[in-house]
Amino acid sequence: MSSCFNGGAGWPEPVVRVQAVSDTCGETIPERYVKLPLDRPSATTLQPAVSHGGGSLNIPVVDMSMPDSDETVRAVDAACREWGFFQAVNHGVGPELLRRARSSWRGFFRQPAEVRERYANSPATYEGYGSRLGTTKGGHLDWGDYYFLHLLPPSIKSHDKWPSLPSTLRDATEEYGEQVVKLCRRVSKVLSKGLGLDGGRLQAAFGGEGGEGACMRVNFYPRCPQPELTLGVAAHSDPGGMTMLLVDDHVRGLQVKKDGQWITVDPVPDAFIVNVGDQIQVLSNAAYKSVEHRVTVSAAEERLSLAFFYNPRSDVPVAPMAELVAPGRPVLYPEMTFDEYRAHIRQRGLSGKAQLQSLQNANSSVAS
C-alpha cells in the first residue's frame, strides 16, 4: 500500500495517488471521485461547440509575432474582454523546447512510485508531487496528480525540490521557465495597452520586472474507466495573474465556460492557451474577466499539461488600478495581497469563482 498512499504532513487523511487508483480500480471509480450530477461533464460538451453560424466555436487564436502592433493589441484586448482566453501562436518559445519539457515531465510520471514519492508535497506550500487541493477531510477529489514548483522570485526557487529523474528534467524546466516568463512579460505589456495604459503598468502592479511571482503546475491525468462521472480539475478560475497553458499534444480535455455552455477547446499545435486570472480581473476592475474552466479525462489515454502561472509578488497589495476607476466605474474589489487571496484556495480547494464574487459582494456592502 505504500506505493498508493502518502500521509504527508498537514494533509487531513492519507493521500491516494490517482495513478495508483487508475491501475487498480477496474471498471468503477471510487465514490470520492464521482462528481455531483450537475458538475459532471455532459456528453454534449465533449466536442467543440457549434457557433450560431454553424462553424466550430473555439477560443480566439492570436498571432504574437508582432506584440507591439496595434492589430495584436486589439486582438488580445477583444479576446480578454469577450472570452478571458486566447491561443497564442508564433509566441517565440521554440517547438523543440516545448517537446522537451513535455517529454521530461512525462518521464517523471512514469518513474516508479517510490521515486515519485520522494517529492511528496504538503499543504504548507504545495510544492512537490501532489494529488489534491484543499485540506477539507472527506471531500470530492479530482482525477489527477500534479507536480507544483516555484520559479520566481529566485529566493524561493530550489532545484533540489525538482525531480532529478529523468536526467533531462531540471535543465528543460529551467530553460522552459525562463522563456515562458519572457513571454508573460510581453503579453503583460499587450494587456496594459489594451486597457489604455502604459505598456509597463500591469507588470509594475505585479511588483516590477524581477519582482513578480511565477510557478508551474504539471498536471497528469491517468486513464479513467468512467470519465463521464468525474473531472481532472473541477470548475474554477485561476487565482493568480495570468496562466500560460501548454496542453497535451494528443488528447483534448480543457473546457471553457462561455455563455453558460462548456466548450471543449480545440488546441492549435504548439500554441499556448493564455487566460486571465483573478488578479488581473481585480487590477483591471473587471474590464478583463477571469473565466471558469475545467478539465475532462479520457478512458483511452492519459493526458499531461503544463500550467505556468504568472502572478503578483505575494506581498504586494492588489486592488483596481486608479486609472480604471471613474464616477461611473466604482472600485469593485477591496485591496488584498495575493498571499491573502490564495489562502482561501489552499484551505478549501477550487470553487468556481466563489472567492472573487465574495470579495465583490463584500466591497459592495461596505460601499453602500
Side-chain angles (χ1 to χ4, degrees), residues 1-6 11-50 102 105-106 108-113 116-117 129-147 217-237 245 247-258 260-267 273 292-307 348-352:
M1 295 297 287
S2 60
S3 64
C4 301
F5 292 91
N6 163 48
W11 296 114
E13 55 198 344
V15 177
V16 184
R17 302 304 181 196
V18 178
Q19 277 181 273
V21 177
S22 176
D23 290 341
T24 59
C25 71
E27 298 302 313
T28 305
I29 65 174
E31 190 66 25
R32 291 286 301 276
Y33 298 94
V34 176
K35 302 297 182 184
L36 296 172
L38 288 177
D39 296 331
R40 297 172 190 171
S42 166
T44 61
T45 63
L46 294 181
Q47 299 297 325
V50 177
R102 282 193 191 105
W105 281 102
R106 278 201 181 95
F108 168 75
F109 285 102
R110 289 171 181 165
Q111 295 296 313
R116 288 181 269 123
E117 290 299 337
Y129 177 48
S131 301
R132 63 180 294 163
L133 288 174
T135 54
T136 302
K137 189 173 182 178
H140 287 280
L141 299 173
D142 291 336
W143 191 267
D145 300 320
Y146 64 84
Y147 202 103
R217 174 175 153 147
V218 184
N219 303 296
F220 183 79
Y221 308 106
R223 289 184 293 273
C224 177
Q226 294 178 297
E228 72 280 2
L229 298 181
T230 191
L231 290 166
V233 179
H236 66 287
S237 60
L245 180 68
V247 298
D248 195 281
D249 44 358
H250 299 296
V251 188
R252 287 186 311 199
L254 176 66
Q255 294 187 334
V256 173
K257 200 170 191 179
K258 172 69 170 170
Q261 181 181 20
W262 287 106
I263 296 168
T264 301
V265 174
D266 192 9
I273 297 175
E292 280 188 85
H293 49 287
R294 66 185 188 183
V295 177
T296 61
V297 292
S298 169
E301 297 182 83
E302 64 190 30
R303 183 174 177 271
L304 180 135
S305 68
L306 284 70
R348 303 186 187 182
L350 302 172
S351 54

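Everything quoted here is computed from the prediction, not taken from an experiment.
Atom CG of residue Asp145 and atom CZ of residue Phe108 lie 9.5 Å apart, to the nearest 0.5 angstrom. Taken to the nearest 0.5 Å, the CG atom of Asp248 stands 10.0 Å off from the CG atom of Leu306. With values rounded to the nearest 0.5 angstrom, Leu304 atom CG is found 8.5 Å from Arg102 atom CZ. We find the CG-CG distance between Asp39 and Leu229 to be 12.5 Å, quoted to the nearest 0.5 Å.
Inter-residue side-chain proximity for Thr264 and Gln255 is flagged as met; some heavy-atom pair is nearer than 4.5 Å. Using a 4.5 Å heavy-atom threshold, the side chains of Cys25 and Gln226 count as separate. Side-chain contact check for Tyr221 versus Ser305: some heavy-atom pair is nearer than 4.5 Å.
In this structure, a donor-acceptor pair under 3.5 Å is absent between the side chains of Glu292 and Ser237. Of the N and O atoms on the side chains of Ser131 and Arg17, at least one donor lies less than 3.5 Å from an acceptor on the other residue.
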Result block: side-chain N/O donor-acceptor pairs under 3.5 angstrom for residues 29-36, not counting sequence neighbours:
| unit_1 | atom_1 | unit_2 | atom_2 | d |
| --- | --- | --- | --- | --- |
| Arg32 | NE | Gly139 | O | 2.7 |
| Arg32 | NH2 | Glu13 | OE2 | 3.0 |
| Arg32 | NH2 | Gly139 | O | 2.9 |
| Lys35 | NZ | Leu141 | O | 3.3 |
| Lys35 | NZ | Asp142 | OD1 | 2.5 |

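With Arg110 as the partner, the side-chain contact (heavy atoms from CB on, under 4.5 Å) test is satisfied by one option alone out of Arg116, Gln19, Glu302: Glu302.
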Test log, rule side-chain contact (heavy atoms from CB on, under 4.5 Å), inputs Asn219 and Val295: CA-CA 10 Å; Asn219 303 296; Val295 177; over 6 Å; no

Verdict with reasoning, His293 to His236, per side-chain contact (heavy atoms from CB on, under 4.5 Å): CA-CA 6 Å; His293 49 287; His236 66 287; 3.3 Å; yes

side-chain contact (heavy atoms from CB on, under 4.5 Å) between Thr296 and Leu231, worked out: CA-CA 5 Å; Thr296 61; Leu231 290 166; 4.2 Å; yes

Chi angles and distances behind the ring-ring contact (aromatic ring centres under 6.0 Å, His included) call for Phe109, Tyr147: CA-CA 9 Å; Phe109 285 102; Tyr147 202 103; 7.4 Å; no

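Looking at every heavy atom in both residues, Pro227 comes nearest to Cys224 through CD-O, 3.3 Å.
Legend: residues meeting salt bridge (charged side-chain N to carboxylate O under 4.0 Å, His left out) with Arg303, ordered by chain and number and at least two apart, are absent.
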